Student: 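Sharing a structure, written as structure tokens. Questions coming.
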Amino acid sequence: MTRTTDLGVARLLPDLDRESAWLLTVDDAPQSYLDLADPTHLEFEYARRLAHVLETAAPPGAPLDLLHLGGGALTLPRWAAAVRPGSRQRVVEADAALTALVAERLPLAAASGVVVETGDALAAVAATRPDSVDVVVADVFGGTRIPAHVTTLGYVEAVARVLRPGGVYAANLADAAPFGFLRSQLATLASVFDHLCLVAEPAVLRGRRFGNVVVAASGAPLDTAELARRAAADPFPARLMSGEALTRLVGDAAAVPDAAAVPSPRPPAGAFTIG
């Protein structure tokens, strides 16, 4: 199924290997993968890494108040509803037509606890009550790039304001060596949060290819040991970086003021596309 949405051309493609699974692409870039019969199945590596952050943010099964910036096919909200029943989840998606397509073709289960709204990520954060959210999950892409206005110090300060004490910010970023964008984002987060870590495939961290990097930040210590264990046990194992190694990666990078914001780098041809 193909439909022109507000921000691109969306396609829903059935997975021939999983009867109830669908791949959502926007402008041929894979955006979400969802198994309607098994919402705990996370196909994309970055989605599993975001889920690992959520799993380590609170005791197993405890409900969370979650704010998702970027919705797609609502893969992670459905996962959280299944593994942490009773969670209250608000999803902000900029593309109203995409939201309508997902609601029509991949509807949420009744009483999911997930509320979906159309809006801008930064504006949604600014309108959220202080100290009201346990985890903010950012998976905000305009096509294959992260918009500039959600990369700045002002944005991170707004996110920190809505988090409860000990709350966690988890973001899906994308970059490649020499990691100019990633380093600036880590520096921006470090100027607001006391504790940071990242999770990525070793090949990405070694500069061999462009790829996703999941970053977690909090005012309280993160459970990096458990997060590292979960990431290493994935079908495509990932490496956790924190402490001195992360400080070395950041180097002399500086926080990003609003006036100097730029979007994430354009990925090389074929990095996130399908035929």
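Values below: all heavy atoms of this structure, side chains included; hydrogens, waters and symmetry mates excluded. Just so we're clear, the structure is a prediction, and the values are computed from it rather than from any experiment.
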Student: Under 3.5 Å, is there a donor-acceptor pair between the side chain of Thr188 and the main chain of Leu153?
Tutor: no
Student: A side-chain contact here means heavy atoms from C-beta on lying under 4.5 Å apart; do Pro235 and Arg48 qualify?
Tutor: yes
Student: Looking only at atom types and distance, does a side-chain atom of Glu93 sit under 3.5 Å from a main-chain N or O of Glu117, one as donor and one as acceptor?
Tutor: no
Student: Going by an N to O cut-off under 4.0 Å, is there a salt bridge joining Arg11 and Asp28?
Tutor: yes
Student: Hydrophobic clustering (ILVMFWY, side-chain heavy atoms < 4.5 Å, transitive) - are Val256 and Val140 grouped together?
Tutor: no
Student: Do the side chains of Leu173 and Val214 get nearer than 4.5 Å, heavy atoms only?
Tutor: no
Student: What I want to find out is whether Asp131 reaches Arg164 closely enough, with some N-O distance under 4.0 Å, to be called a salt bridge.
Tutor: no
Student: Side chains of Leu196 and Leu246, heavy atoms from C-beta outward: is any pair under 4.5 Å?
Tutor: yes
Student: Find the distance between OG1 (Thr99) and CG (Asp6) and round it off to the nearest 0.5 Å.
Tutor: 8.5 Å
Student: Just by distance, with hydrogens left out, do Tyr155 and Asp258 show a side-chain donor and acceptor under 3.5 Å apart?
Tutor: no
Student: Can a donor-acceptor pair be found, under 3.5 Å and without considering hydrogens, that links the side chain of Arg161 to the backbone of Val125?
Tutor: yes
Student: In sequence, state the C-alpha distance, the side-chain angles, and the governing distance for Thr40 and Arg78, and then conclude on side-chain hydrogen bond (donor to acceptor under 3.5 Å, both in side chains).
Tutor: CA-CA 8 Å; Thr40 66; Arg78 297 175 207 252; over 6 Å; no
Student: With a cut-off of 6.0 Å (strictly less than), are more than 12 heavy atoms of other residues, nucleotides or ligands near CZ of Arg88?
Tutor: no
Student: Which heavy atom in Pro63 sits nearest to a heavy atom in Ser87, and how many Å separate them?
Tutor: CA-OG, 3.4 Å
Student: Mind listing the closest non-hydrogen atom pair of Ala187 and Ala253 along with its distance?
Tutor: CB-O, 3.5 Å
Student: Just by modelled atom types, is the Phe236 backbone N or O under 3.5 Å from a matching donor or acceptor in the Asp234 side chain?
Tutor: no
Student: Using side-chain contact (heavy atoms from CB on, under 4.5 Å), reason through Val137 and Leu54 one step at a time and then give a plain yes or no.
Tutor: CA-CA 9 Å; Val137 180; Leu54 292 182; 4.1 Å; yes
Student: I'd like to know if Leu76 and Val91 are part of one continuous hydrophobic network [Ile/Leu/Val/Met/Phe/Trp/Tyr, side-chain heavy atoms within less than 4.5 Å].
Tutor: no
Student: How close do Asp120 and Ala123 get, counting heavy atoms only, and between which atoms?
Tutor: OD2-N, 3.0 Å
Student: Linking I/L/V/M/F/W/Y whenever their side-chain heavy atoms sit closer than 4.5 Å, directly or via other members, would Val115 and Val133 fall into one cluster?
Tutor: no
Student: Can you check whether Met1 reaches Glu104 side chain to side chain, under 4.5 Å on heavy atoms?
Tutor: yes
Student: In Å and rounded to the nearest 0.5 Å, what is the CG to CZ distance from Leu34 to Arg18?
Tutor: 10.5 Å
Student: Between Ser264 and Ile146, is there a donor-acceptor pair closer than 3.5 Å when you use the side chain of the first and the backbone of the second?
Tutor: yes
Student: Which heavy-atom pair separates Asn212 from Ala200 by the least distance, and what is that distance?
Tutor: O-CB, 3.8 Å
Student: Which heavy atom of Ala124 sits nearest to which heavy atom of Thr128, and what is that distance?
Tutor: O-OG1, 2.7 Å
Student: Would you please test Tyr46 and Asp139 for side-chain hydrogen bond (donor to acceptor under 3.5 Å, both in side chains) and show each step?
Tutor: CA-CA 10 Å; Tyr46 83 83; Asp139 189 14; 3.1 Å; yes
Student: Please report the shortest heavy-atom distance between Thr56 and Glu226, naming the atom on each side.
Tutor: CG2-CG, 3.6 Å
Student: Working to the nearest 0.5 Å, report the span between CZ of Arg229 and CG of Asp223.
Tutor: 9.5 Å
Student: Would you indicate whether Arg3, at its atom CZ, is surrounded by more than 12 heavy atoms from other residues, nucleotides or ligands within a distance under 6.0 Å?
Tutor: yes
Student: For salt bridge (Lys or Arg N to Asp or Glu O under 4.0 Å), just list the numbers for Asp65 and Arg90, CA-CA rounded to whole Å, side-chain angles, deciding distance to a tenth of an Å, and then say yes or no.
Tutor: CA-CA 8 Å; Asp65 288 333; Arg90 176 179 167 218; over 6 Å; no
Student: Contact between Thr151 and Gln185 at the side-chain level, heavy atoms closer than 4.5 Å - yes or no?
Tutor: yes
Student: Tell me, do Val162 and Arg129 make a side-chain contact under 4.5 Å, heavy atoms counted?
Tutor: no
Student: Enter the distance from Leu36:CG to Trp22:CH2 here, rounded to the nearest 0.5 Å.
Tutor: 8.5 Å
Student: Is any side-chain heavy atom of Pro265 less than 4.5 Å from a side-chain heavy atom of Phe210?
Tutor: yes
Student: Do Leu249 and Leu186 make a side-chain contact, defined as non-hydrogen atoms from C-beta onward lying under 4.5 Å apart?
Tutor: yes
Student: Treating Arg230 as the side-chain partner and Ala51 as the backbone partner, does any N or O pair qualify as donor plus acceptor under 3.5 Å?
Tutor: no
Student: Quick one: CD on Gln89 to CG on Leu66, what's the gap to the nearest 0.5 Å?
Tutor: 4.5 Å
Student: State which residue, out of Asp15, Thr25, Thr75, fulfils the side chain to side chain donor-acceptor pair (under 3.5 Å) condition with Tyr33.
Tutor: Asp15
Student: Within the side chain of Asp95, is there an N or O that forms a donor-acceptor pair under 3.5 Å with the backbone of Leu7?
Tutor: yes
Student: Hey, does the side chain of Ser218 reach the backbone of Val168 with a donor-acceptor pair shorter than 3.5 angstrom?
Tutor: no
Student: Counting neighbours of CZ on Arg266 that are heavy atoms of other residues, nucleotides or ligands and sit closer than 6.0 Å, is the number greater than 12?
Tutor: no
Student: When hydrophobic residues are tied together by side-chain contacts of less than 4.5 Å, even through go-betweens, does Phe193 share a cluster with Val150?
Tutor: yes
Student: Under a 4.0 Å N-O cut-off, is there an ion pair linking Arg183 with Asp252?
Tutor: yes
Student: Would you say Thr5's side chain and Leu98's backbone share a donor-acceptor pair under 3.5 angstrom?
Tutor: no
Student: Determine, stepwise, if the pair Phe44 / Asn172 fulfils side-chain contact (heavy atoms from CB on, under 4.5 Å).
Tutor: CA-CA 12 Å; Phe44 291 169; Asn172 178 34; over 6 Å; no
Student: Does a side-chain N-to-carboxylate-O contact under 4.0 Å join Glu201 and Arg209?
Tutor: yes
Student: Quick one: does any side-chain atom of Asp35 pair with a main-chain N or O of Ala37 as donor and acceptor, under 3.5 Å?
Tutor: yes
Student: Checking Val215 against Cys197 for the side-chain contact (heavy atoms from CB on, under 4.5 Å) test, could you report, in this order, the C-alpha distance in whole Å, the side-chain angles of both residues, the deciding distance, and whether it holds?
Tutor: CA-CA 6 Å; Val215 176; Cys197 69; over 6 Å; no
Student: For side-chain contact (heavy atoms from CB on, under 4.5 Å), just list the numbers for Val156 and Thr152, CA-CA rounded to whole Å, side-chain angles, deciding distance to a tenth of an Å, and then say yes or no.
Tutor: CA-CA 6 Å; Val156 173; Thr152 71; over 6 Å; no
Student: Find out if a path of hydrophobic residues (ILVMFWY) with successive side-chain heavy-atom gaps under 4.5 Å connects Leu24 to Val116.
Tutor: yes
Student: Let me confirm one number: the CZ-CG distance from Arg239 to Leu198, rounded to the nearest 0.5 Å.
Tutor: 8.5 Å
